[in-house]
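Notes follow the structure.
Atoms considered below: every heavy atom in the structure, side chains included; atoms not considered: hydrogens, waters and symmetry mates. Computed from a predicted structure; not experimentally measured.
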Amino acid sequence: QFLYLIDLRCPRQGPLPPMACATSETCGMFLVLLAGFLYSVQGVGLHWLGELDVPSSQVAWSRALVQGAGILTYAQCTHHPALPPKDVRWWVFLRACIGGAGAILSMHALATLPLGDASALVAVRPVYTVLAARAFLGEPIHVLALPAVALSLVGVCLVARPTFLFDD
């Protein structure tokens, strides 16, 4: 049994070939691994652009333009409206502002810090996600997540080497 995740029908080009996966979980795992790889390539590019003194804000603006064009094209091809429903539009806008601020801050960190350090520090996002999911969504924290959160925070301290812990 195949789950067709993408079945685009552009009026001018006819149906585009669907992307089939054995299960949605398998495909999701593949897409996460691909995203991780692409984020790594993005980090190298951001660091390189930082060495060329290209401001993070210009990189973020360029990224927003390219993503916006891609998203509008996808919405047109799938016949989805470009804007979310009015009852959730404010929440979507708020999420976009928060995500955009996080992206700009991550870009600046990747451009200015040593790449390994910045990547390790930015990768603490899962810790925040676990805690935010509990606080805002009421999701339970799995017993194995607690040691992982603790180890992640220890790793951040080892990478960041704060002066109150490490007297160099």
Interatomic spacing from CG in Leu153 to CG in Leu158 - rounded to 0.5 Å: 11.0 Å
Find out whether Leu110 and His47 are in side-chain contact, i.e. whether some heavy atom of one side chain is under 4.5 Å from a heavy atom of the other. no
Is it possible for you to say whether Phe37 and Leu31 belong to one hydrophobic cluster, with membership spreading through side-chain heavy-atom contacts below 4.5 Å? yes
Under the side chain to side chain contact (heavy atoms under 4.5 Å, CB included) test, residues paired with Arg63 that sit two or more places apart: Tyr39, Gln42, Gln67, Ala103, Met107
Does Arg89 reach the main-chain N or O of Pro84 with its side chain, forming a donor-acceptor pair under 3.5 Å? yes
Taken in chain and number order and not counting sequence neighbours, the residues that satisfy side chain to side chain contact (heavy atoms under 4.5 Å, CB included) with Leu113 are Ala109, Ala118, Leu121
Could you list who else is in Leu65's hydrophobic cluster, with ILVMFWY side chains joined at under 4.5 Å, directly or through other members? Trp61
Partner set under side chain to side chain contact (heavy atoms under 4.5 Å, CB included) for Tyr128, not counting sequence neighbours: Val124
Not counting sequence neighbours, which residues clear side-chain hydrogen bond (donor to acceptor under 3.5 Å, both in side chains) with Ser56? List them please. His108
With sequence neighbours excluded, what pairs up with Pro55 under the side chain to side chain contact (heavy atoms under 4.5 Å, CB included) test? Ser57, Gln58
Treating Ile, Leu, Val, Met, Phe, Trp and Tyr as nodes and any side-chain heavy-atom pair under 4.5 angstrom as an edge, say whether Leu115 and Ile104 lie in one connected cluster. no
Measure the CG-CG distance between Leu146 and Leu151 for me, rounded to the nearest 0.5 Å. 11.0 Å
Applying a strict under-4.5 Å side-chain criterion to I, L, V, M, F, W and Y, I'd like to know whether Leu46 and Leu52 cluster together. yes
First locate atom OH of Tyr74, then atom OG1 of Thr78, and finally report the distance between them rounded to the nearest 0.5 Å. 5.0 Å
Would Phe30 and Leu38 show up in the same hydrophobic cluster when neighbours are defined by side-chain heavy atoms closer than 4.5 Å? yes
Roughly how far, to the nearest 0.5 Å, is the CD1 atom of Ile141 from the CG atom of Leu131? 5.5 Å
